[in-house]
Structures are given as C-alpha cells and as structure tokens.
Amino acid sequence: MDLWPATIDADYVAGIRDFARREIVPQADDIDRRDVYPRDILKAMAKAGYNAVALPVERGGAGLTYGHAAAVFEEVSYASAAVGISLITIFQAQTIIRTFGNETLKEEWLPQFGRGLLSSYALTEANHGSDIRSLDTKAVRDGEGWLLTGEKSFITSGSAAEFFIILAETPVGVSTFAVPAGLDGLSSYIGTNSATFGLRNGPHVNLVLDRVRLPDHALIGVEGKGVRQAVGTLNYSRTLAGAISIGIARAAFDAALAFVGKRKAFDQRVIEFQGIQWYFADMLAEIEAARLLVYRAAEALDAGIDQDRYASAAKLKAAKVATDVASLAVQVCGAYGVMENAPFGRFLRDAKAYEIAGGSAEILKNTIGKYLTRFLAAP
C-alpha cells in the first residue's frame, strides 16, 4: 500500500526513490547542519541519469517529459530539499540554453549537463532584487566578443558552480550570457548576507565580474531579450520548485504520521484521537491537490500552453501547502516536533524559504493576474 503512488511511470519513480534512500537520506541532516553544497550527490545523480531528464537524447539527456523531471525533484526533495535546490539551478541553466541558445552553445554545453556539470543562474543584484528590467552589471562589445563588468549578489549554488548563466545590460537592453567558471576577472566571495535558515546548500555568494571576456557566441539568443528569456525559463523552474515543495510536504507528513502512529497518550495512540485524524485528513487533501497541480503544470510545459499560469499557480499553492503541513507536523508531534534531533525544523525552514525563493507568493500572484488580464483582453 503506497500513500503517495507515482503520477508517472511507477518503475521510474521507484528507481528515484531507491536512489534517494541510499544516497541522499543518510546525508540530509548533515548537509543542512553544515550548509554545504552536495557535490558528490549531484555527480552521482548525473551518473544515474537524473541531471538532464528533459534534455533530448542527442544532447546528452534522457529525452523524457517534464512530468519525469517533476518526479525527480519531488523524490529527491523528499529526502533533502537542499539537493533539490542544487539541482534546480542546473535545470535553469540547461533550459535557457536549450530554449534560446545558438547551436554553438548547445553543442558545447548541453551534453556536459548529463555528465554532471554544476551550474548557477545569476540574475540577482543587490540594488534590484526581483526587478531585472535594468541591471548594474554591464556588457559591451569588444572586438569579436564581449566584456562583462559588475557584481551579482545572493547567488544560489554559486559556491560550487562550474558554469554560470549571467544577466547583464547591453546598450540594447538586458541580455543573457553563458559564462564558464575560471575565466580571468571572474571571482566570488561570501558576503554579509550569505546564509539562509532554509534550503541550505552552501552559502550564497556574490559574483564579481571585472572585465570578463567572452566570445561572441556566449550571448544567449537575441541581444536585449534577456528579461523575456529569464521569465520563460522561470516557468520551468517554478514548476519544478512546486515539486520540491511537494517533496518537503510529504516528508513532513510521513514523519509526523509515523510518530503519532506509535506515540501513546491517555491510553491510546495519538492517531486515534479524532482531532488529530482531522489534522491529517486536511493535510493529505491539501498535498494531493497541490501535487496534482504541479503535474498539470508539467504537462503544460511539455505542451507549450499557458506555462506562466500553471507554473505560477503550482509554485504558489505547493509552497504554501508545504509550509502549512510542516508547521502542523511540528504541532501534532508536541515536544518532539521542536527538538533539534527531529527533522521537523528542517522541513519547516525549507518550506518557508521556498515561499520566498524562486519567485515569492506576491510575484506569482502578479503573474497570474497578468495572465487573467490577457485572458479578458483576448477576442
């Protein structure tokens, strides 16, 4: 009897779950406690075929659907959301190159993701936050290439990245560039505000670009279209972020259910109290609803239809459900729920952090509102 049956190929999901139990679960608490990037796990995931699930086979990927990708993120994050957030920056980088990159970039970089390339998606700047319409990082043409100068801040996965996607402003507008680590003039440091209380996969870094020289083909897509490219890529990552939140919610639910199923109070198991059963009934229904929405959003990605609507709704709903479930899991477990050696603090911190990271609830509501405005204006 499976409380959370697979929504796609059951054998495929069983393989991911087995990998997560063997490779991730034993390290999950330590990754969170020490705030380290799970490099060895990500490299092992690549060997198992999970880092490039949705890339075409001819590009070194598995050639599967985004439903399969969502399953990977859900099951990995059930074990450790820090691993999930590390994986999502890899998917962001490969998605923007696959969707908008020129053939040279695709041939050079896409096959490397399947071989374990670790990457980061560097949009944020200290003075701009979620507003990427104008940036302090500048890119100018220099001969047959580009020179990039500026600083990115609070970059997830930046402490271990071997490759960066960087937004910079050119005279035409915000543009996107593929930037390998190790170039002259590219450096990073850990700033004052680098650590978060949840989704701890290594300190966020500030990325400094001091006249970093790039070839002409490092420009992704059309100059000046970087904001549109970034937003399009976020539709993919927000769907997968929703899957991460579902993994967190399931983990909190299962851990709490196991506890109340064994714990006795007033001569009966805690789960036998009707009030406790109602808590779990509500949690189960909410997780199931959010889970269905996430996989509906994955279908929209594959179909190329209403991606912004479903991706934003999936992350909005799943992130809130994860926080609510993690909080209630603490409550029903009583004193054990707040103990440091229990996993519930990690679940709650990770869940709440993902109501902010990757698109806050307010930004997601704005996106859905814009979709509805377009709907009303359509003939």
Side-chain angles (χ1 to χ4, degrees), residues 7-8 54 65-71 73-74 84-85 88-89 91-100 121 123-124 128-135 165 167 173-176 220-222 224-246 248-249 285-324 351-379:
T7 57
I8 57 159
T65 69
Y66 274 95
H68 289 81
F73 277 87
E74 180 184 349
I85 199 73
I88 209 165
T89 58
F91 268 67
Q92 287 173 322
Q94 62 188 245
T95 298
I96 198 168
I97 292 176
R98 176 181 59 82
T99 307
F100 301 105
Y121 199 60
L123 278 66
T124 308
H128 299 282
S130 297
D131 186 0
I132 58 173
R133 295 171 299 175
S134 63
L135 298 172
I165 299 297
L167 263 68
V174 173
S175 304
T176 318
I220 299 174
V222 178
K225 300 296 184 182
V227 173
R228 182 178 299 178
Q229 294 167 1
V231 170
T233 301
L234 286 173
N235 289 332
Y236 290 84
S237 60
R238 285 172 179 168
T239 297
L240 301 177
I244 290 176
S245 290
I246 295 301
I248 298 169
E286 288 295 299
I287 294 172
E288 289 283 28
R291 195 173 186 231
L292 288 172
L293 183 53
V294 166
Y295 283 91
R296 177 64 186 88
E299 291 176 358
L301 293 182
D302 287 318
I305 299 173
D306 291 339
Q307 294 175 337
D308 54 345
R309 166 191 171 175
Y310 286 107
S312 296
K315 186 181 185 302
L316 178 67
K317 179 66 175 178
K320 185 178 188 306
V321 166
T323 300
D324 291 346
K352 187 60 185 177
Y354 230 0
E355 284 197 85
I356 305 298
S360 68
E362 293 75 17
I363 292 293
L364 298 174
K365 290 175 184 179
N366 286 345
T367 302
I368 296 170
K370 290 176 183 176
Y371 170 87
L372 294 174
T373 301
R374 293 199 311 272
F375 172 79
L376 290 174

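All residue numbers refer to positions in the sequence shown, counting from 1. Please read all numbers here as calculations on a predicted model, not as lab measurements.
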Answer yes or no: is there a side-chain heavy-atom contact under 4.5 Å between [X] and [Y]?
{"X": "Ile368", "Y": "Lys365", "answer": "no"}
{"X": "Glu286", "Y": "Asp324", "answer": "no"}
{"X": "Gln229", "Y": "Ile220", "answer": "yes"}
{"X": "Arg374", "Y": "Asp308", "answer": "yes"}
{"X": "Ile88", "Y": "Tyr121", "answer": "no"}
{"X": "Tyr354", "Y": "Ile85", "answer": "yes"}
{"X": "Gln92", "Y": "Leu234", "answer": "yes"}
{"X": "Thr367", "Y": "Lys315", "answer": "no"}

At their closest point, which heavy atom of [X] faces which heavy atom of [Y], and how far apart are they?
{"X": "Ala322", "Y": "Ser245", "value": "CB-O, 3.4 Å"}
{"X": "Ala298", "Y": "Thr239", "value": "N-CG2, 3.7 Å"}
{"X": "Asn235", "Y": "Ala311", "value": "O-CB, 3.1 Å"}
{"X": "Ala313", "Y": "Leu293", "value": "O-CD2, 3.4 Å"}
{"X": "Ala290", "Y": "Val321", "value": "CB-CG2, 4.1 Å"}
{"X": "Val294", "Y": "Ala70", "value": "CG1-CB, 4.5 Å"}

Next on the checklist: Please tell me whether Tyr236 and Phe91 form a close aromatic pair, meaning their ring centres lie under 6.0 Å apart.
Outcome noted: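 No, the ring centres sit 6.0 Å or more apart.
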
Next on the checklist: Can a donor-acceptor pair be found, under 3.5 Å and without considering hydrogens, that links the side chain of Ser175 to the backbone of Gly173?
Outcome noted: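 At least one qualifying donor-acceptor pair exists.
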
Checklist entry - Does Arg228 CZ have over 12 foreign heavy atoms under 6.0 Å away? => result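 No, not enclosed.
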
Mind checking the [atom1]-[atom2] spacing from [X] to [Y]? Nearest 0.5 Å is all I need.
{"X": "Ile363", "Y": "Ile356", "atom1": "CD1", "atom2": "CD1", "result": "10.5 Å"}
{"X": "Thr95", "Y": "Ile165", "atom1": "OG1", "atom2": "CD1", "result": "10.0 Å"}
{"X": "Thr233", "Y": "Gln94", "atom1": "OG1", "atom2": "CD", "result": "11.0 Å"}
{"X": "Thr323", "Y": "Ile248", "atom1": "OG1", "atom2": "CD1", "result": "8.0 Å"}
{"X": "Thr124", "Y": "Leu167", "atom1": "OG1", "atom2": "CG", "result": "9.5 Å"}
{"X": "Thr176", "Y": "Leu123", "atom1": "OG1", "atom2": "CG", "result": "8.0 Å"}

